[in-house]
Amino acid sequence: FIVVDIRSPQEWAEGSKSTWKKICLAVMDEEGNPELNPMFLSQIKAEFPNTLSRILLVCDDGSFRSEVAFKNISKLGYTQVKIVEGGSEAYFEEFPLTAADKRVWKLADQPGEDLSKLVSGVDMNMDHMFQDRRY
């Protein structure tokens, strides 16, 4: 089974396993109302193209959000979806987060250095490699 953490990014920051897939089901708006992620099901389908994929859903307490996600994922034909009873609270009680789990990695797209000076003189046209070969 692969654990899918359906909590919000703010909840992930409070603690999550690096091995868990993070696909947010909903976030709270400024008024405290839940706002569903319109891409949730397409993200599930993209991450798990096989409807026989074994998925364990984790929310904070294993109740409402997990049940909503379970029902919607099941409608797509997935048959191996389960809910972690007690959610992340119960999981972390049984298996506390380690120091490695608590590290927050901030990775962002960053432009690299212009390497054209290092590759000048290299013929990037590969046509000449196939000119004299017979296949």
Side-chain angles (χ1 to χ4, degrees):
F1 280 87
I2 295 181
V3 178
V4 177
D5 191 342
I6 63 170
R7 298 176 301 153
S8 70
Q10 293 82 5
E11 291 170 299
W12 299 335
E14 293 171 7
S16 185
K17 293 285 202 178
S18 61
T19 56
W20 291 359
K21 298 289 180 190
K22 293 166 183 63
I23 304 175
C24 177
L25 176 68
V27 294
M28 300 303 259
D29 65 15
E30 289 95 27
E31 289 82 41
N33 299 311
E35 186 176 317
L36 290 176
N37 173 4
M39 302 300 293
F40 178 74
L41 291 177
S42 62
Q43 290 172 318
I44 290 289
K45 287 168 54 174
E47 193 66 45
F48 304 98
N50 185 341
T51 57
L52 294 175
S53 298
R54 296 194 262 170
I55 302 169
L56 288 176
L57 298 171
V58 171
C59 67
D60 61 339
D61 61 2
S63 61
F64 183 71
R65 280 188 284 181
S66 289
E67 291 168 11
V68 168
F70 175 83
K71 288 176 186 172
N72 284 289
I73 293 170
S74 296
K75 287 179 186 177
L76 294 176
Y78 289 82
T79 57
Q80 301 297 313
V81 180
K82 308 285 183 206
I83 296 172
V84 173
E85 198 171 310
S88 62
E89 293 170 0
Y91 185 94
F92 296 140
E93 203 170 289
E94 185 72 25
F95 306 102
L97 290 171
T98 65
D101 293 324
K102 295 177 184 176
R103 285 190 196 109
V104 177
W105 296 93
K106 295 223 176 221
L107 302 176
D109 291 338
Q110 298 177 4
E113 299 293 329
D114 180 4
L115 300 178
S116 62
K117 293 178 200 166
L118 298 175
V119 295
S120 62
V122 175
D123 185 1
M124 298 305 286
N125 181 356
M126 298 186 66
D127 291 341
H128 71 279
M129 292 179 69
F130 301 104
Q131 287 176 348
D132 296 326
R133 300 196 183 193
R134 295 182 185 162
Y135 296 98

For the residue pair Phe92 and Trp20, does the interplanar ring angle fall in the parallel (under 30°), tilted (30 to 60°) or perpendicular (over 60°) class? parallel
Determine whether Leu57 and Phe1 fall in the same hydrophobic cluster, where Ile, Leu, Val, Met, Phe, Trp and Tyr are linked whenever their side-chain heavy atoms lie under 4.5 Å apart. no
Quick check on the hydrophobic clustering: are Ile6 and Ile83 connected, directly or via other members, by side-chain heavy-atom contacts under 4.5 Å? yes
Around atom NZ of Lys22, are there more than 12 heavy atoms from other residues, nucleotides or ligands closer than 6.0 Å? yes
Once rounded to the nearest 0.5 Å, what's the spacing between atom CZ of Phe48 and atom CD1 of Ile55? 4.5 Å
Of all heavy-atom pairs between Ile23 and Trp12, which one has the smallest distance, and what is that distance? N-CZ2, 3.8 Å
Just wondering, do Asn37 and Leu25 contact through their side chains at under 4.5 Å, heavy atoms? no
Going by heavy atoms in the side chains, are Arg7 and Arg65 under 4.5 Å from each other? yes
Output the distance between atom NZ (Lys21) and atom CD (Gln43), rounded to the nearest 0.5 Å. 12.5 Å
Side-chain contact, heavy-atom cut-off 4.5 Å: Ser53 with Ile2? no
For a 4.5 angstrom cut-off between non-hydrogen side-chain atoms, does Leu76 reach Lys45? yes
Enter the distance from Ser8:OG to Glu14:CD here, rounded to the nearest 0.5 Å. 7.5 Å
Has Met39 got more than 12 heavy atoms of other residues, nucleotides or ligands less than 6.0 Å from its CE? no
Cluster question for you: counting only ILVMFWY and a side-chain heavy-atom cut-off of under 4.5 Å, with indirect links fine, are Tyr78 and Val3 together? no
Non-hydrogen side-chain atoms of Cys59 and Phe64 separated by less than 4.5 Å: no
Glu85, CD: over 12 other non-hydrogen atoms inside 6.0 angstrom: no
Mind listing the closest non-hydrogen atom pair of Asp101 and Ser18 along with its distance? OD1-N, 4.1 Å
So which heavy atom on Asp5 is nearest to which on Ser16, and how close? OD2-OG, 3.0 Å
For residues Tyr91 and Val58, determine if any side-chain heavy atom of one lies less than 4.5 Å from a side-chain heavy atom of the other. no
Could you state the interatomic distance from CD (Gln80) to OG (Ser74), rounded to the nearest 0.5 Å? 10.5 Å
Is there a side-chain contact between Ile73 and Leu41 in this structure, where contact means two heavy atoms from C-beta onward sitting under 4.5 Å apart? yes
Any side-chain heavy atom of Leu97 within less than 4.5 Å of one from Lys17? yes
Is it possible for you to say whether Leu56 and Val81 belong to one hydrophobic cluster, with membership spreading through side-chain heavy-atom contacts below 4.5 Å? no
